[in-house]
J.: 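Starting off with a structure, shown below.
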Amino acid sequence: MQDVEPIVARALAEFAAAPDPASLENAKARFLGKSGELTALLKTLGKLAPEARRSAGAAINAAKERLEQALERRRAELASARLEARLAEEALDVTLPGRGRGRGGVHPISRTWARIERIFGSIGFDVADGPELETDWYNFTALNNPENHPARSMQDTFYVDLKDPGGLPLVLRTHTSPMQVRYARMHRPPLKVIAPGRTYRVDSDATHSPMFHQVEGLWIDEDVSFADLKGVFADFMRRFFESDDIEVRFRPSYFPFTEPSAEIDMKFDSGPLKGRWLEISGAGQVHPAVVRNFGLDPERYIGFAFGAGLERLTMLRYGIDDLRLFFDGDLRFLRQFA
Ligand code: DAH
C-alpha cells in the first residue's frame, strides 16, 4: 500500500496555506472527502492480508485524526483572523474630537409671533387660529369689501381651483381680518382676541412677500373706543420694542371694515433704514356693517380692530432692511437669531 506520510505532509501544507474558509474546506475534500486521497487509500485495505491490513488501517486512521485536528485548528485560526480584520476595519477611535451637531434656532418671525401672543395674552386677549384657504364671504364680503375692491382682483390675490358651497373660488386669505368674523360668530361678547397667522398676496419686493404674516386684533364690547385702541396699541409697542420712547403715528386712512380708519407707522431708530417710517398696522373702529356680520347689534356693540404685519415688526425690532431675508433660508442671516 502507498505510504500515508507524504499524503499527510501535503495535506498539512495545504491546510496551512488555505487563505480562507472556502479554500480550507476544498482542501479537506481533496484528502478526507468521499473521493479524497486518504479515503481512496482506505478503500484499498480490502486487498491486503489481514496482518498488513490491521497495521495499515491503524496508520490511516491515525493520519485521518491528525488531519482532522489540523483542520480544526486552521478553521479556528481563519475565524479569529476574520474577526480581527472586522474589528480593525470597524474600529471606532473614541479619542477623535466629535463632529458636533448644528443647534436649531427659533426663526425671527416665530420669535415675534410668540412675543405678540405673550404680550396680548398678559392683558387678557384670547389667541385664535383659522384657515389660510378662505371663502370669498369671510375674506371680503363679510368685511364690507365692495364688489369692485382691487383686493378682489386676480392681480392682487391668489385664487384656488376649488369652490365654496356658493360656487365662488376659494382664496388664500389676503389678511387675517376674516378671523374677526369667524371668532365673533363663535363667541359671545365681550370679544377680545388676537389671531396671528400666514397671509398671501401677489406682491414681492424688499418690504412685501407673497406669503407674509399678520396678527389680527379685535376688542368688542359695549364701550370700547378709539382711545382704547391707541392705549392698547401703544402699550403693545412699548412692550414689544422694550422702549418707552418709540415714535408711532396714527395716520388717517380708509378700510371698508373700519370707520374711522387709521394706519399705524413707526420710525426706524437704527439700522440702514434709520429715520424712515414703516407702516406696521391698519386699524380702526369696526364698521357697523361688519358688527352686524358678527351676528351682533351695532347699536349695542362697538370696538376696535387692527391688523399688524409680523415681518414689519421684526424688521423694526432688529433693524433689518429687506424682508426677503426672512424666507431665503440663509443660515448666515438666521444664525444671528439663534
Ligand atoms: N386687513 C388690513 C390689511 O391687511 C389691515 C387692517 C386694517 C386690519 C384695519 C384691521 C383693521 O383689523 O381694522 O391691509
Side-chain angles (χ1 to χ4, degrees), residues 116 120 125-128 130-132 134-146 149-153 155-158 171-185 191-203 205 207-221 224-234 236-237 248-266 278-294 296 298 301-313 323:
I116 291 173
F120 279 100
F125 278 76
D126 194 8
V127 177
E132 289 169 33
E134 208 27 297
T135 64
D136 184 271
W137 191 79
Y138 278 108
N139 196 78
F140 299 119
T141 311
L143 292 163
N144 204 32
N145 259 78
H149 194 282
R152 292 199 183 217
S153 87
Q155 284 76 46
D156 284 345
T157 301
F158 294 108
V171 307
L172 287 173
R173 64 178 180 189
T174 57
H175 49 182
T176 44
S177 301
M179 281 307 295
Q180 292 183 28
V181 191
R182 285 189 177 273
Y183 187 88
R185 289 166 77 89
L191 307 169
K192 205 174 172 190
V193 65
I194 58 162
R198 277 180 284 274
T199 48
Y200 304 84
R201 279 182 214 174
V202 184
D203 231 352
D205 61 35
T207 49
H208 297 86
S209 151
M211 188 285 299
F212 59 107
H213 299 78
Q214 285 189 339
V215 57
E216 197 71 15
L218 178 71
W219 189 1
I220 297 286
D221 204 343
V224 179
S225 71
F226 203 95
D228 291 314
L229 164 64
K230 288 190 93 168
V232 165
F233 208 88
F236 159 66
M237 298 282 277
V248 184
R249 68 183 181 198
F250 281 67
R251 192 163 33 82
S253 185
Y254 170 79
F255 295 102
F257 35 93
T258 42
E259 180 58 38
S261 304
E263 274 171 85
I264 307 172
D265 301 336
M266 185 179 156
L278 192 65
E279 182 204 330
I280 49 174
S281 189
Q285 286 288 97
V286 179
H287 195 288
V290 177
V291 174
R292 207 168 295 119
N293 289 331
F294 288 172
L296 300 175
Y301 291 105
I302 188 165
F304 68 78
F306 63 83
L310 266 55
E311 282 75 10
R312 302 290 185 86
L313 286 167
L323 159 159

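No hydrogens, no waters, no symmetry mates; every other heavy atom, side chains included, goes into these values. First listed ligand is number 1; within each ligand, the first listed atom is number 1.
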J.: Check whether the ring centres of Phe257 and His175 lie less than 6.0 Å apart, and answer yes or no.
T.: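 Yes - the distance between ring centres of Phe257 and His175 falls below the 6.0 Å cut-off.
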J.: State yes or no: are the ring centers of Phe120 and Phe306 separated by less than 6.0 Å?
T.: yes
J.: Is any side-chain heavy atom of Pro256 less than 4.5 Å from a side-chain heavy atom of Leu143?
T.: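 With C-beta onward as the side chain, the pair stays apart.
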J.: Quick one: OG1 on Thr199 to CD on Glu132, what's the gap to the nearest 0.5 Å?
T.: 8.5 Å
J.: Check ligand 1 for close polar pairs with the protein: N or O on both sides, less than 3.5 Å.
T.:
{"unit_1": "ligand 1", "atom_1": "1 (N)", "unit_2": "His175", "atom_2": "ND1", "d": "2.8"}
{"unit_1": "ligand 1", "atom_1": "1 (N)", "unit_2": "Ser177", "atom_2": "OG", "d": "2.9"}
{"unit_1": "ligand 1", "atom_1": "4 (O)", "unit_2": "Arg201", "atom_2": "NH2", "d": "2.6"}
{"unit_1": "ligand 1", "atom_1": "4 (O)", "unit_2": "Gln214", "atom_2": "NE2", "d": "2.9"}
{"unit_1": "ligand 1", "atom_1": "12 (O)", "unit_2": "Gln180", "atom_2": "NE2", "d": "3.0"}
{"unit_1": "ligand 1", "atom_1": "12 (O)", "unit_2": "Glu216", "atom_2": "OE2", "d": "2.6"}
{"unit_1": "ligand 1", "atom_1": "12 (O)", "unit_2": "Phe306", "atom_2": "N", "d": "3.3"}
{"unit_1": "ligand 1", "atom_1": "12 (O)", "unit_2": "Phe306", "atom_2": "O", "d": "3.3"}
{"unit_1": "ligand 1", "atom_1": "13 (O)", "unit_2": "Ala305", "atom_2": "O", "d": "3.1"}

J.: Nearest 0.5 Å, what's the CG-CG distance between Leu323 and Leu278?
T.: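 If we round to the nearest 0.5 Å, Leu323:CG and Leu278:CG are 9.5 Å apart.
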J.: CD/Gln214 to CZ/Arg312 distance, rounded to the nearest 0.5 angstrom?
T.: 10.0 Å
